[in-house]
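Taking it in order: structure first as structure tokens, then the write-up.
Quick note: numbers below take in every heavy atom, side chains included, and nothing from hydrogens, waters or symmetry partners.
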Amino acid sequence: MKKEDRGSVIGVVVVVLIGAGLAFAGSQGGHKVSGFPIYALCIALAFLIQWIAFIPSYMNRTEKFYDLSGGITYITVTLLAMLLTPDVDARSLLLAGIVMIWAVRLASFLFLRIRAAGEDRRFREIKQSFARFLLAWTLQGLWVSFSLAAALAAITSTLRLDLDLFAWIGAFIWLTGFAIEVTADRQKSAFNAKPENKGKFISTGLWSWSRHPNYFGEIVLWIGVAVIALPILQGWQWVTLISPVFIILLLTRISGIPMLERRADQKWGNEAEYQSYKARTSVLIPLPPKK
């Protein structure tokens, strides 16, 4: 077995153990069904869906259904939590609703984008390796689990509170982030759809204020979800506030901005216009362009 494959196998085990730790923490103070914590069942389902989808994807060496499977997982896991948890209240309905709206929108957007592009370059090499490709799908299970952590804890909790200031402020924050993400994605899609823009970078609209406004919107909306869930959390459930922290680290330090910045530098780094765009435009937080 190659060194990369051995590392991927170890990675799968580590990721599953982290997921198990999250399931333990989020299950505290939560409802159970037939003796099993509903929260833990939801985390297990998040991983199970990825592994089922991995099988035909590896056999056909395709990543076309990766993002779509992620969106389906968000929806399925959220619905399971709602169906199994007794006494679902308004806060739970709010959390479930905004998560599913986001999941349907983003998954369909990414699926249509990759279908038009023909491939996702991130998977060009790793989809040839069973272990490395499996790790990618397993990581998506952890991504879903971390993202939904606080929302799932609130939905499955035995504690119930009426909608309060946290709920309304959180909903406003989520709506703001969602609007920014949708607007940024639509602006970039419209820009790329024009033949005269082929091979060019976008620097108009929200993209003139931030080089990654869609990621900023993503971070903001998950902060909103955490704020809505906050009053319900107790004991070990506080660990589930890792949700927005994970999103921030993922997009700013791991696979989001760093990867896209490197790719952009390789493509346009020698162009004076791009260097000027970088110099005057904020990396993440939308700010007025520098003079």
* To do: Quick one: do W209 and S282 satisfy side chain to side chain donor-acceptor pair (under 3.5 Å)? Show the steps, please.
  => CA-CA 6 Å; W209 285 51; S282 168; over 6 Å; no
* Which atom names give the shortest non-hydrogen contact between V144 and G70, and what distance separates them? -> CG2-O, 4.3 Å
* V77, I232: one ILVMFWY side-chain cluster at the under-4.5 Å cut-off? -> no
* **F146 side chain reached by I18 side chain, heavy atoms, under 4.5 Å** => yes
* **Qualifying residues under side chain to side chain contact (heavy atoms under 4.5 Å, CB included), relative to V104, sequence neighbours excluded** => I75
* Asked: Does the side chain of F65 come within less than 4.5 Å of L68's, by heavy atoms?
  -> yes
* Asked: Under a 4.5 Å cut-off applied to non-hydrogen side-chain atoms, are L84 and H31 in contact?
  -> no
* Do we see a donor-acceptor contact under 3.5 Å between the side chains of E218 and W102? -> yes
* To do: For the pair Y74 and W143, name the ring-plane relationship: parallel under 30°, tilted 30 to 60°, perpendicular over 60°.
  => perpendicular
* Please tell me if the side chains of I180 and F216 come closer than 4.5 Å, counting only heavy atoms from C-beta onward. => yes
* State, with a plain yes or no, whether a side-chain heavy atom of V182 is found less than 4.5 Å away from one of R105. => yes
* Are F133 and Y66 close enough that their ring centres sit under 6.0 Å apart? -> no
* **Side-chain donor/acceptor of W268 to backbone N/O of G199, under 3.5 Å** => yes
* Structure fact -> Between H212 and L284 the two heavy atoms that sit nearest each other are O-CD1, 3.7 Å
* Asked: Donor-acceptor pair, Y39 side chain versus F24 backbone, under 3.5 Å?
  -> no
* Asked: What do the steps show when you test V220 against W174 for side chain to side chain contact (heavy atoms under 4.5 Å, CB included), and what is the final call?
  -> CA-CA 6 Å; V220 170; W174 178 89; over 6 Å; no
* **Close side-chain approach of W222 to S147, heavy-atom, < 4.5 Å** => yes
* To do: Check A151 against V99 and note the closest heavy-atom contact, atom names and distance.
  => CB-CG2, 4.5 Å
* To do: State, without any angle test, whether T73 and Q50 hold a side-chain donor-acceptor pair at a distance under 3.5 Å.
  => yes
* To do: Kindly indicate whether the side chain of N192, heavy atoms from C-beta on, has any atom under 4.5 Å from the side chain of N197.
  => no
* Group every Ile, Leu, Val, Met, Phe, Trp and Tyr by side-chain heavy-atom contacts under 4.5 Å, then state whether M82 and I43 land in the same group. => yes
* Any pair counted as side-chain hydrogen bond (donor to acceptor under 3.5 Å, both in side chains), so long as it reaches residues 233-244, sequence neighbours left out -> none
* Residue L79 excluded, over 12 heavy atoms near CG under 6.0 Å -> yes
Side-chain donor-acceptor contacts of residues 87-97 below 3.5 Å, not counting sequence neighbours, with atom names and distances?
unit_1 : atom_1 : unit_2 : atom_2 : d
D89    : OD1    : S92    : N      : 3.0
D89    : OD1    : S92    : OG     : 2.8
R91    : NH1    : D164   : OD1    : 3.4
R91    : NH1    : I228   : O      : 2.8
R91    : NH2    : D162   : O      : 2.9
R91    : NH2    : D164   : OD1    : 3.2
R91    : NH2    : D164   : OD2    : 3.3

* Taking all heavy atoms of L152 and all of C42, pick out the closest pair and write down the distance. => CD1-CB, 4.0 Å
* Structure fact -> Residues L233 and A153: closest non-hydrogen pair is CD2-CB, 3.8 Å
* Asked: Looking at W207, Y277, F191, which one forms a ring-ring contact (aromatic ring centres under 6.0 Å, His included) with F201?
  -> Y277
* Any donor-acceptor pair under 3.5 Å linking the side chain of Q275 with the backbone of G269? -> yes
* To do: Please answer whether the main-chain N or O of A81 pairs with a side-chain N or O of T156 as donor and acceptor at a distance below 3.5 Å.
  => no
* Asked: So if you build clusters from Ile, Leu, Val, Met, Phe, Trp, Tyr with side-chain heavy-atom gaps below 4.5 Å, do L161 and L230 land together?
  -> no
* Do you know the tightest heavy-atom contact between S129 and Y58? -> C-CE1, 3.9 Å
* S276 (side chain) donor-acceptor with A272 (main chain) under 3.5 angstrom -> no
* Asked: Hey, does L260 have a side-chain heavy atom less than 4.5 Å from the side chain of Y215?
  -> yes
